[in-house]
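After the structure tokens below, expect a handful of questions from me.
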2 protein chains.
Amino acid sequence: MRQVPTVDDVARTANVSRQTVSNVLNAPQVVRAETRARVERAIAELGYRPHGSARRLRSRKSFTIGMALDPLKNGISGNVLDRFLHAVTEKADERGMRILLFTARERHSQLDQMAALRDGSDVDAFVLTGTEHGDPRIDWLTDNNVPFVTFGRPWGDDDFADRTHLWVDVDGYAGVHDATARLIEQGARRVGFLGWPSPSGTGDERRRGWREASERMLQLTDADLAALSASVEDGVEQGAAAASRLLEAAQPDAFVCASDSLALGAAMAATRHGRRMPVVGYDNTPVAAAVGLSSVDQPLEEVASAALELLFGPSGTDVVPRTGNEEPKNRLLAPRLVERDPSGVSFGEITGTANAGNHTSKGTS
Amino acid sequence: MRQVPTVDDVARTANVSRQTVSNVLNAPQVVRAETRARVERAIAELGYRPHGSARRLRSRKSFTIGMALDPLKNGISGNVLDRFLHAVTEKADERGMRILLFTARERHSQLDQMAALRDGSDVDAFVLTGTEHGDPRIDWLTDNNVPFVTFGRPWGDDDFADRTHLWVDVDGYAGVHDATARLIEQGARRVGFLGWPSPSGTGDERRRGWREASERMLQLTDADLAALSASVEDGVEQGAAAASRLLEAAQPDAFVCASDSLALGAAMAATRHGRRMPVVGYDNTPVAAAVGLSSVDQPLEEVASAALELLFGPSGTDVVPRTGNEEPKNRLLAPRLVERDPSGVSFGEITGTANAGNHTSKGTS
DNA sequence: AAGTCGTTTTTGATCGTTCAAATCCGCGGT
DNA sequence: ACCGCGGATTTGAACGATCAAAAACGACTT
């Protein structure tokens, strides 16, 4: 079995020293062109490939980004994070970096994992998703001066002023606002909203988008607005039930929803009530695509690029020092409304106990 | 800034040598209980954590599994691989192992990536998905003696006799066979099948399941069977179109499909023809769950466990030597039919050019 | 008292690379 | 001739751990 060649082997065949070989790889500009060519030939000839672990041990850089993979949320919602994961992986690949995944049942051991990954130079930085307000991971990372960026705002007092925490997020307010405005342009006069119970950073933001667009463009009383809005846990059934209530009580002529699950439920409820009306969901999941629902699409590729840019600058692989000045510390990206014609599907009778999925709805408080 | 403690620091505080500390971590049984306790106390006190890269450099083991993350297939189908990824990550976590992701636009550079990962002791083994017959990656891995396992059969002449290639797969034949049988039990007499064009390992296998169940349980001529089966590219529209043709020509009273996309299309087509009939899809995606379609569910957690067991044995983290004898080299797992009542949704008129998604259908050959 | 054996601990070398500093080399200036 | 200088290259040490072999220790024989 052939031994894997090392820098020394390359150095010997190219008649140079170890360090020169190393320089060809890491700082080509300091090597004379002629020598460089010679070394490169030797590298190709021997099929040399640097030993990652050795390099990391010495240089304390890993070209690797750590991502926590949280246990799969039921079906629909997990899709966004998976798409984000793909996007980050690809953007990282473009910089020659890789993604190290880890999970941890308990949050505590997740901190341990992250600590181990950092101390062992396994990762240069972390990309986190699904962070909550006051997330212990964030405090730990900040305290220990570990570079990280989150997909999702910290939802503190003034996120844009937060200079210790890099974040990228999608402007749910704008997304829902624009979707609502579009419906109104198309003739809607009473747009209903299905969202999640407060407090929920993302949820409240999306509701605000609907509310402000409605306020601004339609002459609706506060009572009207209150009647047109519902707060329920995520899920198709819950969406159907809530939409049904609104349809009876507040006569909406369109729906905007905080998720595609809710939107699908709303579309079904509308048909059940013998009405056909536009419904817009959120996240543009395959479900929305399959049944022809319009949906607000998050630009996950851009989110991924932006996240890496905040961490590593426009193109490098070195963590940008967080000097606390100048450089932007966050990015808020605009989503895009994907409009679809739901002519392909209509939603018929829904039975009393129809279970439109295998969602484990834990409590309804 | 505090320095990260090393084995030497621990050794010093515990009054032992480096190697003893190392032994406490890697071979506790050779250390006297009392000494071990002392060392462990020192470890806890200093908050020592082994340096992964140093360990890897010396021991040539990484406790890491490499997975290629292929560019996201459009919507629906990607879901299975993402669920698999999650499952593998969790099962790996239980063994104290982690997942390193990488992508590569071109297949060629993917080989390079894998070579680099292996040479750099970045990964101990690879888990591959979406392998094709005669996949160059497989040859390369086999030739270079790199441990790997695939989710998906090699689709060679006799996969079960293949002792050089570890694989896990789900028995699509059984899944579709049983789904078909179930429909027949429930009264169906002419079950239609929507699948993909041959040759396609998975696709042909699923079709065979339908065909043999139909042959065995129903008295159908070869001509009947041929008329009841369609081959189209994956997609909701394609499924609807094909189902529509079958409905006109062969009077099916139920459908079994090779994917949820096709199944959704079939359900829509059936409604369009004013018929209500059972439809079973494959993969149990969120789409099926959302619209209440029955579907064949792949046991991805089991697939993940089985894959790791083939590689590392029932519980360790060391690659089982592929001696070519005795130990099983593959596992074929049975899927499970998830039955749903589609009462919640009915599928209405479909317009001529309805685009029920943003699938980029490349060619129709 | 010396030899033997088994268990526990220590010692020195090594993994493959990069860092930091030293050396080499050619050239122009005094 | 000597010095200084900047660019190119080399040298020795270090990164933090494990491997392989040697040494220390105790108990038990002979």
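Residue numbering restarts at 1 for every chain, and letters A, B, ... go by the order of the sequence lines.
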*Mind checking B/D8 for me? I need base, sugar-phosphate or nothing, with any heavy atom below 4.0 Å counting as a touch.*
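Answer is nothing: B/D8 stays at 4.0 Å or more from every strand.
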Would you tabulate the pairs of protein nitrogen or oxygen atoms and nucleotide nitrogen or oxygen atoms of nucleotides 21-23 of chain C closer than 3.5 angstrom?
none

*Check every atom of C/dT11, C/dG16, D/dA17 against the side chain of B/T6 and return the nucleotide holding the closest atom.*
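Output: D/dA17.
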*Any side-chain N or O of B/T35 less than 4.0 Å from the OP1 or OP2 oxygen of C/dT9?*
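Yes, because at least one side-chain N or O of B/T35 sits under 4.0 Å from OP1 or OP2 of C/dT9.
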*What does A/R36 touch in the nucleic acid at a heavy-atom separation under 4.0 angstrom: a base, only the sugar-phosphate, or nothing?*
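Touches nothing.
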*Minimum heavy-atom separation for B/P154 to B/W167, with atom names?*
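Heavy atoms of B/P154 and B/W167 come nearest at CD-CD1, 3.3 Å.
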*Calculate the interatomic distance between B/K61 atom NZ and D/dA17 atom P; express it in whole Å.*
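In whole Å, D/dA17 P and B/K61 NZ are 17 Å from each other.
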_Can you identify which nucleotide, out of C/dT18, C/dT9, C/dT17, has its nearest atom closest to the B/N23 side chain?_
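My answer, after comparing the listed nucleotides, is C/dT9.
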_Shortest side-chain distance from A/Y48, nucleotide among C/dT17, C/dC15, C/dC19_ =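 Comparing C/dT17, C/dC15, C/dC19 against the side chain of A/Y48, the answer is C/dT17.
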*From the list C/dG16, D/dT9, C/dT10, which nucleotide is the closest neighbour of the side chain of B/T20?*
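Of the options given, the side chain of B/T20 lies nearest C/dT10.
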*Whole-Å gap separating P (C/dT17) and CZ (B/R56)*: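 Going from B/R56 (CZ) to C/dT17 (P), I get 15 Å.
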*With heavy atoms under 4.0 Å as the rule, sort A/S121 into base, sugar-phosphate or nothing.*
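It contacts nothing in the nucleic acid.
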*Minimum heavy-atom separation for B/S121 to A/S53, with atom names?*
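Heavy atoms only, the tightest pair is O-OG, 3.8 Å.
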*asked:* What I want to check is whether an N or O donor and acceptor connect the side chain of B/R58 with the base of C/dT14 at under 3.5 Å.
replied: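 Counting by modelled atom types and ignoring angles, a donor-acceptor contact under 3.5 Å is found here.
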*Between A/F84 and A/F151, what is the ring plane arrangement, given parallel below 30°, perpendicular above 60°, and tilted in between?*
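Rings of A/F84 and A/F151: tilted, as their planes differ by 30° to 60°.
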_Rounding to an integer number of Å, can you tell me how far A/R12 CZ sits from D/dT11 P?_
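Roughly 13 Å, once rounded to whole Å.
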_Minimal non-hydrogen separation, A/V170 against A/L332, with atom names_ =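 That closest heavy-atom pairing would be C-CD1, 3.9 Å.
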*asked:* What is the separation between atom NE2 on B/H51 and atom C1' on D/dA17, rounded to the nearest whole Å?
replied: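 Whole-Å distance recorded here is 9 Å.
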_I want to check one thing: is the phosphate of D/dT9, taken as OP1 and OP2, less than 4.0 Å away from some side-chain N or O of A/R32?_
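So the side chain of A/R32 is within the cut-off, an N or O lying under 4.0 Å from OP1 or OP2 of D/dT9.
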*Taking atom C1' of C/dA20 as reference, at what distance in whole Å does atom CG of A/N26 sit?*
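Rounded to the whole Å, the gap is 15 Å.
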*Looking only at N and O atoms, is any donor in the side chain of B/R18 or the base of C/dG12 less than 3.5 Å from an acceptor on the other one?*
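Present.
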*Of all the choices, D/dA17, C/dG16, D/dT10, which nucleotide is nearest to the side chain of B/V7 once you look at every atom?*
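Shortest atom-to-atom distance from the side chain points to D/dA17.
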*Starting from C1' on D/dA17, measure out to CZ on B/R60 and report it in whole angstrom.*
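Interatomic distance, CZ of B/R60 to C1' of D/dA17: 13 Å.
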*OP1, OP2 of D/dT18 versus side-chain N and O of B/S22: anything below 4.0 Å?*
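It does, given that an N or O in the side chain of B/S22 lies less than 4.0 Å from OP1 or OP2 of D/dT18.
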*How are the rings of B/F148 and B/H165 set relative to one another: parallel (under 30°), tilted (30 to 60°) or perpendicular (over 60°)?*
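Tilted, since the angle between the ring planes falls between 30° and 60°.
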*Quick one: B/L57 CG to D/dC15 C1', roughly how many Å, whole number?*
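Spelled out: CG on B/L57 to C1' on D/dC15 is 9 Å.
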_If we ignore hydrogens and angles and just use 3.5 Å, is the side chain of B/D124 paired with the main-chain N or O of B/F63 as donor and acceptor?_
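Here the side-chain-to-backbone pair exists.
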*Does B/A14 offer a backbone N or O that forms a donor-acceptor pair with the side chain of B/R38 under 3.5 Å?*
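Looks like yes, one N/O pair under 3.5 Å.
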*C/dT9 P sits how many Å from B/L25 CG, rounded?*
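Spelled out: CG on B/L25 to P on C/dT9 is 15 Å.
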*Minimum heavy-atom separation for B/L117 to A/R98, with atom names?*
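Distance-wise, the nearest heavy atoms are CD2-NH1, 3.4 Å.
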*Counting side-chain heavy atoms from CB outward, which of C/dT8, C/dT18, C/dG16 is closest to A/S59?*
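Selected nucleotide: C/dT18.
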